[in-house]
Amino acid sequence: MRLYAAVLVVIIILAAVLFRKPSGITGEWNGEYGFKEFWRTAVYISSDDFRAYEDAGVDFSDLPKVQGVLEFHKNGTWEFYIEKESAMEGNRGFVDDILGDSDDEDAVEACEEYLEALNDELDDLLEVFEWSGDYELDEKEGEITLTINKAGIGSVSKNANEAVLSYKIKDGKLTLKIEEADGDNRISQLEVLGLFDEKMSR
């Protein structure tokens, strides 16, 4: 009987460890970002192009959001990236808006070719949003010091690329705000995307 009780206790402890949600800052945080900001951050579509598309009837605010993931790992590293499938859904909505109600075969074919071209560019484009580095957490001050080892495409100097973020966790939501950032870390790319404007969730 004691053996069964001991086994049961071990199983309960293992289940608690394996299936509990991460506490504190550690773990995966998810955010949703506007399709227009996604493309604008990547400097793929110019402001003039955006205006032309809007004049043609594209409502960027109504397009599917792209999903971003910010992870703080237990080993003191962090990363941010965009989920590819959500970007592809945004591309489809964008091309559908361009096409509108037209059933012209040439227009449909042209839009399908444009969609294929957009999706073909995605792997390279998504590298712009692959950020990573190290972090230190000051729970007392409510601050995170990020060292940025990779900012978009390519590596950056570890010695000169830090940002201090204030953070708050409430009701499963994470809010980040830039307190300090040196001039070389290119963190403004993530500002344009909206990373610091919206609360992220588990």
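Keep in mind it's a predicted model, so treat the numbers as computed, not measured. For the numbers below, each heavy atom of this structure counts, side chains included, while hydrogens, waters and symmetry mates do not.
The distance from the CG atom of Asp104 to the CD atom of Glu109 is 10.0 Å, given to the nearest 0.5 Å. Taken to the nearest 0.5 Å, the CD atom of Gln67 stands 5.0 Å off from the OG atom of Ser86. The CG atom of Asp134 sits 5.0 Å away from the CG atom of Asn149 when rounded to the nearest 0.5 Å. In this structure, Leu195 CG and Leu193 CG are separated by 6.5 Å, a value rounded to the nearest 0.5 Å. A distance of 11.5 Å separates NZ of Lys199 from CH2 of Trp29, quoted to the nearest 0.5 Å. The CD atom of Glu71 sits 4.0 Å away from the OH atom of Tyr81 when rounded to the nearest 0.5 Å.
Taking 4.5 Å as the limit, every side-chain heavy atom of Glu28 sits out of range of all side-chain heavy atoms of Arg202. Glu162 has its side chain within reach of Thr145: a pair of non-hydrogen atoms, C-beta onward, lies under 4.5 Å apart. Residues Leu125 and Phe38 form a side-chain contact, since some pair of their non-hydrogen atoms from C-beta on lies under 4.5 Å apart. No side-chain heavy atom of Glu143 sits less than 4.5 Å from a side-chain heavy atom of Leu165. Put simply, the side chain of Asp62 does not reach to within 4.5 Å of the side chain of Asp97, judged on heavy atoms. Within the 4.5 Å cutoff, no side-chain heavy atoms of Lys65 are placed close to those of Glu89.
Checking each of Trp39, Phe60, Phe35 against Phe50 for a ring-ring contact (aromatic ring centres under 6.0 Å, His included) leaves exactly one that passes, namely Phe60. Applying the side chain to side chain contact (heavy atoms under 4.5 Å, CB included) test between Met200 and each of Leu70, Ile169, Asn30, Thr175 identifies Leu70 as the sole match.
Ion pairing between a basic and an acidic side chain is recognised when a charged N comes within 4.0 Å of a carboxylate O; Arg92 and Asp96 show such pairing.
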* For the pair Ile25 and Ile144, evaluate side-chain contact (heavy atoms from CB on, under 4.5 Å) and give the outcome as yes or no after the intermediate values. => CA-CA 9 Å; Ile25 200 76; Ile144 306 168; 3.9 Å; yes
* Begin with the C-alpha distance, continue with both residues' side-chain angles, and end with the deciding distance and a verdict on side chain to side chain donor-acceptor pair (under 3.5 Å) for Ser166 and Glu179. => CA-CA 6 Å; Ser166 62; Glu179 295 294 326; 3.0 Å; yes
* Apply the test side-chain contact (heavy atoms from CB on, under 4.5 Å) to residues Trp78 and Tyr135: give CA-CA distance (whole Å), side-chain angles for both, the deciding distance (0.1 Å), then the verdict. => CA-CA 7 Å; Trp78 67 277; Tyr135 76 95; 4.1 Å; yes
* **Check against side-chain contact (heavy atoms from CB on, under 4.5 Å), Lys84 and Leu122** => CA-CA 8 Å; Lys84 184 174 182 178; Leu122 264 184; 4.2 Å; yes
* Report the C-alpha separation of Val66 and Phe129 in whole Å, then their side-chain angles, then the decisive distance to 0.1 Å, and conclude whether the side-chain contact (heavy atoms from CB on, under 4.5 Å) test is met. => CA-CA 12 Å; Val66 295; Phe129 301 94; over 6 Å; no
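Minimum heavy-atom separation, Pro64 to Gly93: CD-CA, 4.4 Å.
Note on Phe80 and Leu137: same hydrophobic cluster, where clusters join Ile, Leu, Val, Met, Phe, Trp and Tyr whose side-chain heavy atoms are under 4.5 Å apart, directly or indirectly. When hydrophobic clusters are built by joining Ile, Leu, Val, Met, Phe, Trp and Tyr residues whose side-chain heavy atoms come closer than 4.5 Å, directly or via intermediates, Val128 is grouped together with Ile82. Put simply, Tyr33 and Val69 are part of two different groups of oily side chains (I, L, V, M, F, W, Y) that touch within less than 4.5 Å, one to the next. If you chain together hydrophobic residues whose side chains sit under 4.5 Å apart, Val164 and Ile187 never meet in one group. With hydrophobic clusters built from ILVMFWY side chains whose heavy atoms lie under 4.5 angstrom apart, Val192 does not share a cluster with Phe196.
Between Tyr53 and Phe94, the ring-plane angle classifies as perpendicular under the 30° and 60° cut-offs.
In the displayed structure, Glu54 atom CD is contacted under 6.0 Å by more than 12 heavy atoms of other residues, nucleotides or ligands. By the 6.0 Å contact criterion, NZ on Lys36 is enclosed, its count of non-hydrogen atoms from other residues, nucleotides or ligands being greater than 12.
For the pair Trp131 (side chain) and Leu190 (backbone), a donor-acceptor distance under 3.5 Å is absent. Here the side chain of Asp138 pairs a donor or acceptor atom with the backbone of Lys140 at under 3.5 angstrom.
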